[in-house]
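Written below as structure tokens is the structure these notes are about.
Counting starts at 1 for both ligands and their atoms, in listed order. Here the structure is a predicted model, which is why all the values come from computation and not from measurement.
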Amino acid sequence: MSKTVLITGASKGIGANMAIRFAEKGYNVVMNYNNSVQSAIILQRSLKESGYSVIAYKANVRNRLEVDLMVKEALYRFGSIDILINNAGISNQSLITDLSEQDWNDIIGVNLTGVFNCTQAVLPHMINQKSGKIINISSMWGEVGASCEVAYSAAKAGVIGFTKALAKEVGPSGITVNCITPGLIETSMNQGLTVEDITSIVEDTPMGRIGSTDDVASAALFLTSDESQFITGQILGVNGGLVI
Ligand code: NAP
């Protein structure tokens, strides 16, 4: 029987690429989305037309009830969730003195509480089946901090701590928990960056380029493959050497 992956934030960017790559590997894919209905449905349709087993499901990862319903639907449709990829995220740039409580709550709510909600919803099933793989998408900014991104950096640092703690807790249940910390990846999340911003990052990056969604998806495929069974609690930088 095919394994099932639940990917949050799969309507675009890194999550959409992972949906394609996991579908191509033969997984059943549950593509979560929240606002981008059209792009999620278009991607789902094109993958289904190619013969892949995919459902798109709308749920706000901040909303526990919606997350629980999504997990229930995934289990009903596919009978199992073998891999959870906590990828949904939002960012914003602001001086801390201008950061509203609402902005703080939004960033922490999606990037960190969303990871908690989805993980807690899926874990009883994984613990019961005594196997599972969880990948959390953090950021290099969670490791080194980004100026004018206090909330985002704090949330992503929280995801790293969450990963390490959970790996210790659920390892005895046969579940691995790992984290990917991407560097600058070409997605709409970075559409506000100027050419100068990007050039400066490329100049500081040993590999001399920014990352692609494929770079991150490849790391996720490795960390969920049979080749990585003894790897848990690890933080894998996919940043071209910018943060070492
Ligand atoms: P993106 O293109 O903006 O995509 C973000 C995804 O998250 C979208 O599918 C969006 O879905 C989803 N999302 C946002 N809020 C959500 C919510 N409340 N509930 C469910 N889904 C939600 O960004 P990306 O670059 O692919 O980012 C993916 C992950 O990588 C994020 O966690 C981000 O922090 C991390 N990351 C990105 C970079 C980078 O340079 N791009 C670097 C480091 C880390 P809807 O549009 O449907 O709402």
Side-chain angles (χ1 to χ4, degrees), residues 6-21 29-44 56-71 84-93 102-103 105-119 121 135-146 149 151-160 162-163 179-193 197-198 201-202 205 209-217 219-220 235-240 242-243:
L6 167 54
I7 305 168
T8 68
S11 51
K12 54 188 182 180
I14 293 168
N17 187 296
M18 289 193 293
I20 296 167
R21 298 279 302 277
V29 179
V30 182
M31 293 175 42
N32 159 254
Y33 67 96
N34 189 32
N35 291 317
S36 305
V37 187
Q38 216 181 347
S39 38
I41 298 303
I42 288 171
L43 178 56
Q44 178 203 31
Y57 194 97
K58 176 174 164 50
N60 180 347
V61 295
R62 290 179 73 174
N63 183 315
R64 185 53 194 266
L65 181 62
E66 292 182 22
V67 167
D68 284 345
L69 289 172
M70 172 174 66
V71 169
L84 167 65
I85 303 183
N86 285 308
N87 166 75
I90 55 172
S91 66
N92 93 335
Q93 292 193 323
Q102 179 71 48
D103 286 342
N105 287 334
D106 286 347
I107 297 280
I108 300 292
V110 175
N111 293 292
L112 185 54
T113 309
V115 172
F116 165 73
N117 284 339
C118 296
T119 303
I135 304 293
N136 298 321
I137 306 298
S138 172
S139 164
M140 65 176 171
W141 300 132
E143 299 175 285
V144 297
E149 291 195 63
Y152 184 76
S153 302
K156 293 302 193 182
V159 169
I160 292 172
F162 181 100
T163 301
C179 180
I180 295 172
T181 49
L184 185 65
I185 307 297
E186 194 172 0
T187 71
S188 60
M189 184 171 272
N190 294 313
Q191 64 196 5
L193 294 183
D197 293 333
I198 294 174
I201 290 181
V202 168
T205 302
R209 64 171 175 88
I210 65 169
S212 68
T213 55
D214 255 335
D215 291 321
V216 183
I235 313 304
L236 179 59
V238 179
N239 59 41
L242 183 58
V243 172

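Below 3.5 Å of separation, one finds no N or O of Val110 facing any N or O of ligand 1. Residue Asn35 has at least one nitrogen or oxygen atom sitting less than 3.5 Å from a nitrogen or oxygen atom of ligand 1, judged on distance alone. Annotation: Gly15 places no N or O atom under 3.5 Å from an N or O atom of ligand 1; distance criterion only. Considering backbone and side-chain N/O of Ser11, one or more are found under 3.5 Å from N/O of ligand 1. Ligand 1 has a nitrogen or oxygen under 3.5 angstrom from a nitrogen or oxygen of Val61. The distance criterion of under 3.5 Å between nitrogen or oxygen atoms is not met by Tyr33 with respect to ligand 1. In terms of polar-atom proximity, defined here as any N/O pair under 3.5 Å, Ile185 does make such a contact with ligand 1.
Taking 4.5 Å as the limit, some side-chain heavy atom of Tyr57 sits within range of a side-chain heavy atom of Leu69. A heavy-atom distance below 4.5 Å is not found between the side chains of Asn34 and Val61. Counting only heavy atoms from C-beta outward, the side chains of Thr213 and Ile185 approach each other to under 4.5 Å. Taking 4.5 Å as the limit, some side-chain heavy atom of Cys118 sits within range of a side-chain heavy atom of Leu84.
Using a 4.0 Å cut-off between heavy atoms, Ser91 makes no contact with ligand 1 at all. Residue-level proximity to ligand 1 for Ala16 is absent, since no heavy atom of it falls below 4.0 angstrom. Looking at Met140 against ligand 1, nothing comes within 4.0 Å, counting heavy atoms. At a 4.0 Å heavy-atom cut-off, ligand 1 touches Ala10 through the backbone alone. At a heavy-atom cutoff of 4.0 Å, ligand 1 is contacted by the side chain of Asn32 but not by its backbone. Contact annotation for Trp141 and ligand 1: no heavy atom of the residue comes within less than 4.0 Å of the ligand. Only the side chain of Ile90 comes within 4.0 Å of ligand 1, judged by heavy-atom distances.
The shortest contact between atom 4 (O) of ligand 1 and any protein heavy atom is with Lys12 CG, 3.7 Å. For atom 32 (O) of ligand 1, the closest non-hydrogen atom on the protein side is Asn87 O, 2.7 Å. When only non-hydrogen protein atoms are considered, atom 39 (C) of ligand 1 lies nearest to Asn190 ND2, 3.4 Å. The protein heavy-atom contact nearest to atom 43 (C) of ligand 1 is Pro182 O, 3.4 Å. For atom 7 (O) of ligand 1, the closest non-hydrogen atom on the protein side is Gly89 N, 3.4 Å. Annotation: atom 6 (C) of ligand 1 to nearest protein heavy atom, Gly9 O, 3.7 Å. Distance from atom 38 (C) of ligand 1 to its nearest protein heavy atom, with residue and atom name: Gly183 O, 3.9 Å. Given atom 27 (O) of ligand 1, the protein heavy atom at minimum distance is Met189 CE, 3.9 Å.
Atoms of ligand 1 lying under 4.0 Å from at least one heavy atom of Tyr152, given by number and element, are 33 (C), 34 (O), 35 (C), 36 (N), 43 (C), 44 (C). Under a 4.0 Å criterion applied to the non-hydrogen atoms of Asn60, ligand 1 contributes the atoms 17 (C), 18 (N), 19 (N). Proximity to Ala59 (heavy-atom distance under 4.0 Å) selects the following atoms of ligand 1: 19 (N), 20 (C). Taking every non-hydrogen atom of Gly13 and a distance limit under 4.0 Å, the qualifying atoms of ligand 1 come out as 2 (O), 26 (O).
Side-chain atoms of Lys58 never come within 3.5 Å of backbone atoms of Met70 as a donor-acceptor pair (strictly under, hydrogens ignored). Side-chain atoms of Asn190 do not come within 3.5 Å of backbone N or O of Leu193 as any donor-acceptor pair. At distances below 3.5 Å, at least one donor-acceptor pair connects side-chain atoms of Asn32 with backbone N or O atoms of Gly9. For Ser138 (side chain) and Val159 (main-chain N/O), no donor-acceptor pair under 3.5 Å exists by modelled atom type.
The side-chain hydrogen bond (donor to acceptor under 3.5 Å, both in side chains) test with Asn136 singles out one residue from Thr119, Asn86, Asn87, and that residue is Asn86. Partner Leu242 forms a side-chain contact (heavy atoms from CB on, under 4.5 Å) with one of Val144, Thr205, Leu184 and no other, that one being Thr205.
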Side chain to side chain contact (heavy atoms under 4.5 Å, CB included) between Asp214 and Arg21: does it pass, once the steps are laid out? CA-CA 8 Å; Asp214 255 335; Arg21 298 279 302 277; 2.5 Å; yes

Let's go through Ser212 and Asp215 carefully: what are the C-alpha distance in whole Å and the side-chain angles of both, what is the deciding distance for side chain to side chain contact (heavy atoms under 4.5 Å, CB included) to 0.1 Å, and is it a yes or a no? CA-CA 5 Å; Ser212 68; Asp215 291 321; 3.2 Å; yes

Candidate pair Ile135 and Met18, rule side chain to side chain contact (heavy atoms under 4.5 Å, CB included), full reasoning: CA-CA 12 Å; Ile135 304 293; Met18 289 193 293; over 6 Å; no

Test Asn117 against Thr113 for side chain to side chain contact (heavy atoms under 4.5 Å, CB included), laying out the working first. CA-CA 6 Å; Asn117 284 339; Thr113 309; 4.0 Å; yes

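For atom 2 (O) of ligand 1, the nearest non-hydrogen atom from the set Ser188, Ser39, Gly142, Gly211 belongs to Ser188.
A 6.0 Å sphere centred on CD of Glu186 holds no more than 12 heavy atoms belonging to other residues, nucleotides or ligands.
Closest approach of Leu112 and Gly158 over heavy atoms only: CD1-C, 3.6 Å.
The closest approach between Gly109 and ligand 1 stays at or above 4.0 Å for every heavy atom of the residue.
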